[in-house]
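Each chain gets a letter, A, B and so on, in the order the sequences are listed, and its residues count up from 1. Everything quoted here is computed from the prediction, not taken from an experiment.
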2 protein chains.
Amino acid sequence: MSIRNPKQALYAQFAGVAKALGHPQRLELIEQLAQGPRSVDALATKVGLPIANTSQHLQHLRRAGLVTAERAGKFVNYSLADDTVLTLFASIRVVAERQLAEVERIVRGYFQARDEMEAVTRAELTERIREGLVTVIDVRPPDEFALGHLPGALNVPLSDLEARLPDLRHDREIVAYCRGAYCVMSFEAVAVLRARGFKVRRLEDGLPEWRAAGLQVETGP
Amino acid sequence: MSIRNPKQALYAQFAGVAKALGHPQRLELIEQLAQGPRSVDALATKVGLPIANTSQHLQHLRRAGLVTAERAGKFVNYSLADDTVLTLFASIRVVAERQLAEVERIVRGYFQARDEMEAVTRAELTERIREGLVTVIDVRPPDEFALGHLPGALNVPLSDLEARLPDLRHDREIVAYCRGAYCVMSFEAVAVLRARGFKVRRLEDGLPEWRAAGLQVETGP
DNA sequence: CTGTCATTCAATAATTACGTTGAATGATTT
DNA sequence: AAATCATTCAACGTAATTATTGAATGACAG
């Protein structure tokens with residue numbers, strides 16, 4: 001790092017933040033952390049990366065001020081530094097969505113009938129919950145569910161979905177959600193349940209956005 | 001680039017956007033483009049970079065979908081792809097501001113008495129303009145002014161400020177603005193005018209944000 | 001058609017980022 | 001105190017980015 005004038009130094013700082021987000025695995029770590037604090041090897045397992053590598057990526061994010069680390073006994077728990085990080089992540093997603101035809105193609109190719117699965121907005125869902133008209137299911141793994149979920153939501157991990165079908169009623173609308181707008185699980189859950197004749201829709205995004213909107217979140221199993 | 005599953009491909013796309021912003025000079029180019037469309041060598045001159053280098057950075061930004069290029073005769077004019085790019089840029093700035101003590105230090109060190117120069121919000125300024133209580137001065141160079149400026153603003157480029165002092169009145173409040181929150185020029189203008197006994201404040205940000213807020217913009221000299 | 005100007009391309013050398021490995025640290029348990 | 005577990009560090013080879021240079025393209029004027 002050579003000597004710079006203040007203007008360049010400022011741009012260099014901004015660039016540092018962007019650069020920290022300029023890696024697929026680090027973005028995935030951010031999205032995981034958006035669900036709640038995690039230890040290094042919990043993250044490594046989720047993301048499927050070697051522990052040392054995960055640790056390095058996390059330190060990279062920490063240096064950029066995007067996440068914070070806190071020691072708890074043997075573990076080091078990382079969390080998002082604050083809500084603005086989520087906003088930044090969302091901004092990147094919006095730009096990528098609008099600008100890159102590529103993203104649309106990927107999304108369409110993977111999520112197939114994405115358009116046919118009209119998403120429920122947060123506002124609509126809160127209203128429906130108030131009226132007691134819907135069953136809300138959280139299709140994330142139990143550990144993520146325990147750290148926070150929508151009020152009254154049923155935890156039906158995608159892996160258990162088939163087995164849990166008897167718990168679900170055909171006569172009520174079901175709304176499924178998971179980690180966020182691009183989380184695959186709720187799409188898959190909707191597909192499975194539709195095939196079984198359930199009336200089911202997705203929440204437009206996931207728990208982090210719900211929390212960020214200042215809406216109520218329950219914890220515990 | 002190896003074969004990836006769709007989830008990884010999606011993160012790779014997002015990372016591509018972030019990576020494109022992960023370079024100080026490219027951020028500076030973005031901020032320049034936020035003022036309006038520019039040719040390659042206009043940008044190169046502004047930013048102080050060799051033309052070939054500037055061209056490459058612009059292409060990098062174009063590949064990421066952040067800017068668009070349009071041929072006009074011998075020139076190629078680049079512009080921001082859309083408003084979401086500005087939002088993204090602002091998000092980065094917010095995160096960097098909040099998270100990095102470093103940025104605060106740079107800002108304080110450079111802009112000295114930044115705190116003493118209370119900024120005027122857009123809302124407050126529109127109100128003041130409506131009441132006819134303020135003189136608004138745009139301290140950017142004339143070429144940027146011509147491409148768009150606040151309604152009724154006087155173009156007083158920083159370089160001409162001393163010479164233009166007679167045009168300014170002591171009995172009205174003056175509000176100065178330039179390119180954005182971190183643009184140096186309006187700070188310097190305020191400092192100069194304060195020293196001469198003018199009652200003067202800065203607009204909290206610059207023209208791009210004004211335009212993004214959907215407020216009226218005038219063009220022409 | 002030729003010359004000029006703005007821009008892009010191609011090739012290079014220097015720097016920086018990346019993932020992997022195995023050893024080192026720090027905290028807890030026995 | 002020794003063993004164990006989670007995390008970090010250090011070092012290395014490989015790959016990707018970057019700035020620079022000079023040549024190539026494309027558009028326009030004469």
Side-chain angles (χ1 to χ4, degrees), chain A residues 1-4 8 11-30 32-33 37-64 66-79 143, chain B residues 1-4 8 11-30 32-33 37-64 66-79 143:
Chain A
M1 287 218 206
S2 58
I3 294 169
R4 270 192 277 264
Q8 289 173 318
Y11 281 116
Q13 288 295 335
F14 296 167
V17 171
K19 207 177 291 186
L21 292 171
H23 192 289
Q25 320 270 32
R26 286 198 290 269
L27 287 177
E28 201 171 347
L29 288 170
I30 292 276
Q32 281 297 331
L33 288 172
R38 292 291 142 83
S39 70
V40 176
D41 86 350
L43 288 166
T45 307
K46 286 266 181 199
V47 176
L49 240 49
I51 293 184
N53 195 358
T54 305
S55 172
Q56 286 177 179
H57 280 307
L58 288 168
Q59 285 172 60
H60 199 149
L61 290 170
R62 198 164 59 82
R63 263 177 264 127
L66 296 167
V67 308
T68 56
E70 200 176 347
R71 180 132 219 159
K74 285 196 287 195
F75 297 80
V76 174
N77 289 320
Y78 280 84
S79 357
D143 59 320
Chain B
M1 286 218 206
S2 56
I3 293 168
R4 272 193 276 263
Q8 288 173 320
Y11 281 115
Q13 287 297 334
F14 296 166
V17 171
K19 207 178 291 186
L21 292 171
H23 192 288
Q25 320 270 32
R26 285 198 291 268
L27 286 176
E28 202 171 348
L29 288 170
I30 292 276
Q32 282 296 331
L33 288 172
R38 293 292 143 83
S39 70
V40 176
D41 87 349
L43 288 166
T45 307
K46 286 267 182 197
V47 176
L49 241 47
I51 294 184
N53 194 359
T54 305
S55 172
Q56 287 177 181
H57 280 308
L58 288 169
Q59 285 173 60
H60 198 151
L61 290 170
R62 199 164 57 83
R63 264 176 265 127
L66 295 168
V67 307
T68 56
E70 200 175 348
R71 181 130 217 160
K74 285 196 283 195
F75 296 81
V76 175
N77 289 321
Y78 281 85
S79 356
D143 60 320

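Summarising the geometry, the separation between CG on A:Asn77 and C1' on C:dG26 is reported as 15 Å, rounded to the nearest angstrom. Per the geometry, CG belonging to B:Asn53 stands 14 Å off C1' belonging to C:dT7, to the nearest Å. What separates NE2 of A:His23 from C1' of C:dG19 is a distance of 9 Å, to the nearest Å.
Comparing B:Arg26 and A:Lys74 by the nucleotide of DNA chain D whose heavy atom lies nearest to each, the residue mapping closer to the 5' end is A:Lys74. Each of B:Ser39 and A:Gln25 was assigned the nucleotide of DNA chain C with the nearest heavy atom; the assignment lying further toward the 5' end belongs to B:Ser39. Comparing A:Pro50 and A:Lys19 by the nucleotide of DNA chain C whose heavy atom lies nearest to each, the residue mapping closer to the 5' end is A:Lys19.
Residues B:Leu33 and B:Leu43 meet the side-chain proximity criterion, which asks for heavy atoms closer than 4.5 Å. With contacts defined as side-chain heavy-atom distances shorter than 4.5 Å, the pair B:Tyr78/B:Gln59 qualifies.
With D:dT18, C:dT7, D:dT8 as the choices, the nucleotide that has an atom nearest any side-chain atom of B:Asp41 turns out to be C:dT7. The side chain of A:Val40 lies closest to D:dT8, out of D:dT20, D:dT8, D:dA6. Side-chain proximity of B:Gln59 to C:dT8, D:dT8, D:dT7: nearest is C:dT8.
In plain terms, the two heavy atoms of A:Thr54 and A:Val40 that are nearest each other are CG2-O, 3.9 Å.
A:Gln56 comes within 4.0 angstrom of a nucleotide base, judged by non-hydrogen atoms across all strands.
Between D:dA19 and B:His57, a contact under 4.0 Å exists linking OP1 or OP2 to a side-chain N or O. Residue A:Tyr78 places at least one side-chain N or O under 4.0 Å from the OP1 or OP2 atom of D:dT8.
Screening B:Leu66, B:Val47, B:Leu61, B:Val67 against B:Arg26 for a side chain to side chain contact (heavy atoms under 4.5 Å, CB included) leaves a single residue, B:Leu61.
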